[in-house]
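Beneath this line is the structure, given in structure tokens, with notes to follow.
Order of listing sets the numbers, starting from 1, for every ligand and every atom in it. What you see below is based on every heavy atom in this structure, not just the backbone, and it leaves out hydrogens, waters and symmetry mates.
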Amino acid sequence: MIRQIVIGLALVAGLSACSADHSAAHHHEIQPGSLVAHLNPTAGNEGIQGQVMFHQTGDKVQVTVHIEGLPSNSTHGFHVHEYGDCSAPNGTSAGGHFNPSNMNHGAPYDAERHVGDLGNLVSNSNGIVEYEVADSHLAMSGAQSIVGRAVIVHAQADDLTSQPVGNAGARVLCGVIGVAKSL
Ligand code: CU
Ligand code: ZN
């Protein structure tokens, strides 16, 4: 009974908030504080694993990466792909690069790039990646939202120019981006 009243009040509050703000295009959308993707190895890459966190910081999204088990001193293409589906043994179920604005593939610092183009990760002598970057194309909500997409780490370097995917080769890690517990 009490729970029904609380839900009723929440609905009324939600409705009044909506009627007060018809201008905001995405005002029904939840904007999470943090997102997380646990990266699991594709077939044949057991032993590699990682995690990526995403946090809104001002008008940018802070991307924090930890990966272990890679070959030492190696470079790996790193992207957000279109579908949050890592079910295929080779990771191809995640589709192509997340590209809602229909641009060409590029480097993270290019104006012309896929939203998902995060460039490369470089492992240290122990095969570990610790990397952090603030990106201005990723978003936590709206048309460029990465919620429900996938993070892919590739076997090879992204050359940042070849179309449509930078020639980064096979997919070694895949993780679906979901809502994280906020810090
Ligand atoms: Cu990729
Ligand atoms: Zn791309």
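Metal site remark for the Zn ion (ligand 2): D117 contributes an N, O or S atom at a distance under 2.8 Å.
Listed for the E46 side chain is no donor-acceptor partner under 3.5 Å among the backbone atoms of I48. No donor-acceptor distance shorter than 3.5 angstrom exists from the side chain of R149 to the backbone of G84, with no hydrogens or angles considered.
For H79, the N, O or S atom with the smallest separation from the Cu ion (ligand 1) is ND1. Distances from the Zn ion (ligand 2) to each N, O or S atom of H114 single out ND1 as the nearest. The atom of H97 that is an N, O or S and sits closest to the Zn ion (ligand 2) is ND1. Within H81, the N, O or S atom lying nearest to the Cu ion (ligand 1) carries the name NE2. The closest approach of H105 to the Zn ion (ligand 2), by N/O/S atoms, is made by ND1.
Between H79 and H114, the ring centre distance reaches or exceeds 6.0 Å.
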For this session: Please step through side chain to side chain donor-acceptor pair (under 3.5 Å) for the pair E130 and H66, ending with a clear verdict.
Result: CA-CA 5 Å; E130 297 282 5; H66 175 85; 2.7 Å; yes
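The side-chain contact (heavy atoms from CB on, under 4.5 Å) test with H97 singles out one residue from V80, I152, D117, and that residue is D117.
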